[in-house]
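Here the structure comes first, spelled out in structure tokens, and everything after it is commentary.
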Amino acid sequence: MSVDRSTVLRVAHLARIRVADAEVDKLQGELNSILGFVDELSGLDVADVEPLTSIVPIAMKKRADVVTDGDIPKKVTQNAPLAEDDYFVVPKVVE
Amino acid sequence: MTDLTALTIAEARDALAKKDFTALDLTEAYLSAMEKARSLGAYVLETPEQARAMAAASDARRAKGEVGALEGIPLGVKDLYCTEGVRTTACSRILDEFTPPYESTVTANLWADGAVLLGKLNCDEFAMGSSNETSRFGPVTNPWRRRAADGSIDPTPLVPGGSSGGSAAAVAAHLCAAATGTDTGGSIRQPAAFTGTVGIKPTYGRCSRWGIVAFASSLDQAGPFARTVRDAAILLKSFASVDPKDTTSVDLPVPDYEASVGRSIKGKVIGIPKEYRVDGMPAEIEALWQEGIAWLKAAGAEIREISLPHTKYALPAYYIVAPAEASSNLARYDGIRYGLRVPGDDITDTYELTRAAGFGAEVRRRVMIGTYVLSAGYYDAYYVRAQKVRTLIKRDFDLAFAAGVDAVLTPATPSSAFGIGEKSGGDPVEMYLNDIFTVTVNMAGLPGMVVPGGLDAKGLPLGLQLIGRPFEEETLFQVGEVIEQAAGRFVPAKWW
């Protein structure tokens, strides 16, 4: 399988990465090179194989549903590019 | 006084115990070495004040008789590990000046055992790369240089491998006693091979991933770089823990790994997989592999030819699974809560501009590949198929181990270190092929260790890889020590 220009732009938008028009051709070539490489898998019969879902055959640990941390709004927002009164400031989302 | 930076952890530990010098002396020696080696680009942030304070605190503890397993040992930390109050960037622009208000579990374990933080080490952006050329801070230069045919030194700067290139270079150049790394497809083992250092990727679940910037969560694992097998064993005991904050951290006691170093390997069955002979592999690598086999045989191991038939599918499957998980993990970098923000007209515009400015070319490629293989209509054809292939790769190893194989011996890399810029040009796949021997181990969740085996005709280090059964890292240290004893240790001639 390979991707065309419009697919590159669609995937870029899904990934929320702006791609300049001038970059599309180069990206298309690179993505197709990678997709060509992974295409080797299509030659393998995996019809009766279960997909691997857990690499270690041990049941996932569960913890009690209790609060273990909190009351640290300053720590939570200290790295924000824009914060005010312990809130993250974002562009207007709702009109 | 002798050069304190030349000491291994085991040697420094004994000398500190005998009060030959203090932790502060040792730390000063490293800080001075780091200052003179800045041209290598191994550190992206030096923390001398914190290092001195931690070393002085270590000396104070020792005076009171409190001595941890790594008491007073100065370490470098890959910039993928969150360190409280110390900038952590994953070597990406998108994290800007991010300064975590918390400490990763692994580094917290190291400090609890008495270690000292020297600074943060360079790596590929989000650990995506095999040459340390994708870092926002620029490449790392390998302390090793090629020798020309006439014996003269070729000054061409070489890569240290990646993604943990800063860690590998710093350990090889004696800019820290040891370093932390992470390994998603070979990011500890490949740079260890390129720099003549020892690197181990433990079994998935052995070390907590909490507080380590995530790349591909089902493959990522923390591990140490060291100068000797014994040092790596000492470190892993401190790295490993059962962590309630990481649900994939496995609830198994941590053994005393150092006790396995020096134990006889008589009767151990070493598997030699025929599939690890690839086209275009230099004859020197095949020769080193044969030498490794001979060393283990001479030490009493039983050598057995084995087959791991799905080996060739591991790398293509990896380049579906890893980017898919990366695209999901990296969705959090949106310019809102931390890191870089490029303001746009609306929220989507802000996301798109921020991520375009913050991610480098390789990260962008992988996020886009991941987004594509997870998108509607392609999920089964790519992602599910790759996870099925992963089952087959794991089964290959399971069958070999069930038949009595204790460890598998392979070459570590298909070449020795290459020049900066030599493979970072056109086709991204050319770079990916570096991890052809290491990636299977991540896909199967197994422990793997690289030990230096020798130098090639150009005078560059080559490594041998040992792959073990899940949670049987002790076997790797046991067998690795035999290789180290036979091969010797390799230190680059200082030119920086």
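Computation of the quantities below employed the complete heavy-atom set of this structure, encompassing side-chain atoms and omitting hydrogens, waters and symmetry-equivalent molecules. Each chain gets a letter, A, B and so on, in the order the sequences are listed, and its residues count up from 1.
- When heavy atoms are compared at a cutoff of 4.5 Å, B:Leu219 does not approach chain A at all.
- Listed options B:Leu330, B:Asp349, B:Asp346 were ranked by heavy-atom pairs under 4.5 angstrom with chain A; first place goes to B:Asp349.
- Proximity to chain A is limited to the side chain of B:Tyr432, based on heavy atoms less than 4.5 angstrom apart.
- A:Ala59 does not touch chain B: none of its heavy atoms, backbone or side chain, sits under 4.5 Å away.
- In terms of heavy-atom pairs under 4.5 angstrom with chain B, the leader among A:Val11, A:Leu41, A:Leu31 is A:Leu41.
- Side-chain contact between A:Lys61 and B:Val242 is present, with heavy atoms from C-beta onward closer than 4.5 Å.
- Residue B:Phe471 touches chain A through its side chain alone, counting heavy-atom pairs closer than 4.5 Å.
- The candidate with the highest count of non-hydrogen atom pairs below 4.5 Å against chain B, out of A:Glu50, A:Arg63, A:Arg10, is A:Glu50.
- Nearest approach of B:Arg341 to A:Val89, heavy atoms of both residues: NH2-O, 2.6 Å.
- Within the 4.5 Å cutoff, no side-chain heavy atoms of B:Tyr318 are placed close to those of A:Val38.
- When each of B:Ala357, B:Ala356, B:Ser375, B:Ser327 is scored by its heavy-atom pairs under 4.5 Å with chain A, the top score falls to B:Ala356.
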Inset, instruction - Apply side chain to side chain contact (heavy atoms under 4.5 Å, CB included) to the pair A:Leu35 and B:Ile369, showing each step before the final yes or no. - result: CA-CA 8 Å; A:Leu35 291 172; B:Ile369 283 287; 4.0 Å; yes
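- Of the listed residues B:Pro100, B:Pro244, B:Ser249, B:Pro323, the one with more heavy-atom pairs under 4.5 angstrom with chain A than any other is B:Ser249.
- When every heavy atom of B:Asp427 is checked against every heavy atom of A:Ser33, the shortest pair comes out as OD1-OG, 2.6 Å.
- Proximity to chain B at a heavy-atom threshold of 4.5 Å picks out A:His13, A:Leu14, A:Ala15, A:Arg16, A:Ile17, A:Arg18, A:Val19, A:Glu23 from residues 13-26 of chain A, in numerical order.
- B:Met368 and A:Leu27 get closest at one heavy-atom pair: SD-CD1, 3.9 Å.
- Between A:Val8 and B:Tyr372, every side-chain heavy-atom pair lies at or beyond the 4.5 Å cut-off.
- Neither the backbone nor the side chain of B:Ala361 comes within contact range of chain A; no heavy atom of the residue lies under 4.5 Å from a heavy atom of that chain.
- Partner of A:Val90 under the side-chain contact (heavy atoms from CB on, under 4.5 Å) criterion, out of B:Asp334, B:Ile336, B:Thr350: B:Ile336 alone.
- With contacts defined as side-chain heavy-atom distances shorter than 4.5 Å, the pair B:Arg365/A:Ile34 qualifies.
- With respect to chain A, the highest number of heavy-atom pairs below 4.5 Å among B:Tyr102, B:Tyr313, B:Tyr204 belongs to B:Tyr313.
- The part of A:Gln78 that comes within reach of chain B is its side chain, from C-beta onward, which places non-hydrogen atoms under 4.5 angstrom from that chain.
- Only the side chain of B:Leu433 has a heavy atom closer than 4.5 Å to any heavy atom of chain A.
- Taking 4.5 Å as the limit, some side-chain heavy atom of A:Asn79 sits within range of a side-chain heavy atom of B:Thr99.
- Contact annotation for B:Asp345: neither backbone nor side-chain heavy atoms come within less than 4.5 Å of a heavy atom of chain A.
- Per-residue heavy-atom pair counts under 4.5 Å with chain B were compared for A:Val46, A:Leu44, A:Thr68, A:Val56, and the maximum is reached by A:Leu44.
- Using modelled atom types, one side-chain atom of B:Thr391 and one backbone atom of A:Leu52 make a donor-acceptor pair closer than 3.5 Å.
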Inset, instruction - For the pair A:Thr53 and B:Gln387, evaluate side chain to side chain contact (heavy atoms under 4.5 Å, CB included) and give the outcome as yes or no after the intermediate values. - result: CA-CA 7 Å; A:Thr53 48; B:Gln387 289 291 51; over 6 Å; no
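- Counting heavy-atom pairs closer than 4.5 Å to chain A, the top-ranked of the candidates B:His310, B:Arg390, B:Arg395 is B:Arg390.
- Interface remark: A:Phe88 contributes side-chain atoms only to the contact with chain B (heavy atom separation under 4.5 Å).
- In terms of heavy-atom pairs under 4.5 angstrom with chain A, the leader among B:Ser218, B:Gly445, B:Pro101 is B:Pro101.
- Contact check on B:Lys312 versus A:Glu40 returns a salt bridge, with a Lys/Arg side-chain nitrogen under 4.0 Å from an Asp/Glu carboxylate oxygen.
- Contact of A:Ser54 with chain B is not made at all, since no heavy-atom distance falls under 4.5 Å.
- Summarising the local packing, CZ of B:Arg93 is surrounded by 12 or fewer heavy atoms from other residues, nucleotides or ligands at distances under 6.0 Å.
- Among residues 69-77 of chain A, the residues having any heavy atom closer than 4.5 Å to a heavy atom of chain B are, in sequence order, A:Lys75.
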